[in-house]
Amino acid sequence: MAAGQPEAASGALMHAGHGMGTPSGPGADLPLLLPWGLLLAAAMLYGGLATRQVRAGRGWPAARSIWFALGSLLLAVAFSPALTELAHADVRAHMAQHLLTGMFAPLALALAWPLTLLLRNLPVQLARRLMGWLHAPPLRLLTSPVTALLLNVGGLSLLYLTPLYALMLHRPLVHGLVQFHVFAAGLLYTVVVAGIEPVVARAPFALRVAVLLLGTAAHATLAKLLYAGWWPHGTGNPPGQLQQAAKLMYSWGDLAEMLLAVLVFWGWYVRRGRAQARARGSAGQNRAVTSPGR
């Protein structure tokens with residue numbers, strides 16, 4: 001919708017669209033509560049596996065459990081029935097849901113290292129089989145930084161630059177599928193770019209930084225297109241509301257990308273320090289071998 005159209009007309013269109021396809025009557029809230037049930041199950045599983053590690057004497061950093069709790073809390077807020085209902089009528093609420101689901105919650109969950117926790121709890125043979133499956137060529141392609149970028153930013157482009165956004169406002173199933181994709185693609189992008197978790201062989205640092213820069217630029221460009229009022233079409237969002245949503249996407253999106261950049265460079269710094277320590281250790285052993293009398 002063009003930025004200059006009267007807000008009253010836009011609001012009327014939006015109101016007319018709001019609620020279409022939304023279930024009503026007894027049990028109508030059950031689909032809205034399903035994400036909370038899945039989150040609760042995931043939290044119980046993570047807590048049980050972490051406790052098992054501690055009781056076995058292998059330990060599990062408390063910080064990772066805290067990150068998992070924070071990520072789960074952010075998702076619980078994003079998938080709350082109240083915010084989901086509001087997101088159908090107000091693009092600003094939709095944008096808040098997008099930022100929580102696709103950017104900030106994945107950051108916290110990536111730092112919880114859930115896959116590593118699962119692998120440590122599996123029998124050795126089963127863990128090796130799972131790792132072999134994760135490193136198989138199809139999944140290596142799926143979890144490459146470039147593929148993760150295409151799934152993440154490409155998915156957002158399809159959402160806002162096609163009629164998909166208008167469709168998800170009227171079809172609860174489409175809304176649910178879009179939300180799942182935003183979360184899954186955001187988590188994959190975060191894990192792959194950060195280079196944590198043994199999902200695949202870690203991509204080169206320079207490639208991950210290049211993907212991060214491209215992703216940041218693409219996200220900011222989409223926000224500017226929304227601010228200009230060029231997209232999305234057919235939603236009836238008032239221009240002022242759309243501009244505020246674009247500001248949220250631009251500023252908070254940059255913050256999330258900056259935090260991800262800190263994670264990327266911190267990982268590089270730690271691994272470089274370990275490599276230098278190993279090199280110094282090897283050099284010391286070589287000197288001891290070549291000068292046994294000293």
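Note that the structure is a prediction, hence the values are computed from the model and not measured. What you see below is based on every heavy atom in this structure, not just the backbone, and it leaves out hydrogens, waters and symmetry mates.
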In terms of hydrophobic clustering (I, L, V, M, F, W, Y; side-chain heavy atoms under 4.5 Å; direct or indirect links), are [X] and [Y] co-clustered?
X	Y	result
V124	L119	no
L122	L49	yes
M103	Y250	no
L214	Y189	yes
L263	F265	yes

task = State whether the number of non-hydrogen atoms from other residues, nucleotides or ligands found under 6.0 Å of F205 atom CZ is greater than 12.
result = yes
query = Heavy-atom count around R271 CZ within 6.0 Å, excluding the residue itself: above 12?
reply = yes
Hey, does [Y] have a side-chain heavy atom less than 4.5 Å from the side chain of [X]?
X	Y	answer
L187	V191	yes
S80	L83	yes
P114	L45	no
L142	L151	yes
L161	L222	yes
N237	Y165	yes
N152	L188	no
M95	R92	no

So, taking the atom named [atom1] in [X] and the one named [atom2] in [Y], what distance separates them when rounded to the nearest 0.5 Å?
X	Y	atom1	atom2	value
L139	T147	CG	OG1	11.0 Å
M44	L39	CE	CG	13.0 Å
L225	L242	CG	CG	10.5 Å
R128	L130	CZ	CG	13.0 Å
L117	N121	CG	CG	5.5 Å

key: Exercise: identify the closest heavy-atom pair between A78 and T84   = O-OG1, 4.0 Å
task = Check W113, W67, F68 against Y46 for a ring pair (Phe, Tyr, Trp, His ring centres under 6.0 Å) and give me the one that passes.
result = F68
inquiry  = Ring centres under 6.0 Å, that's the criterion: do H88 and H170 meet it?
reply    = no
request  = Quick one: sort the H98 and H94 rings into parallel, tilted or perpendicular, breaks at 30° and 60°.
outcome  = parallel
message = Distance alone, cut at 3.5 Å: any donor-acceptor contact between the side chains of H233 and W231?
response = yes
query = Is R64 close enough and on-axis enough to W60, meaning under 6.0 Å and within 45°, for cation-pi?
reply = yes
query = Any donor and acceptor pair, going by atom type alone, linking the side chain of R208 with main-chain N or O of V192 inside 3.5 Å?
reply = no
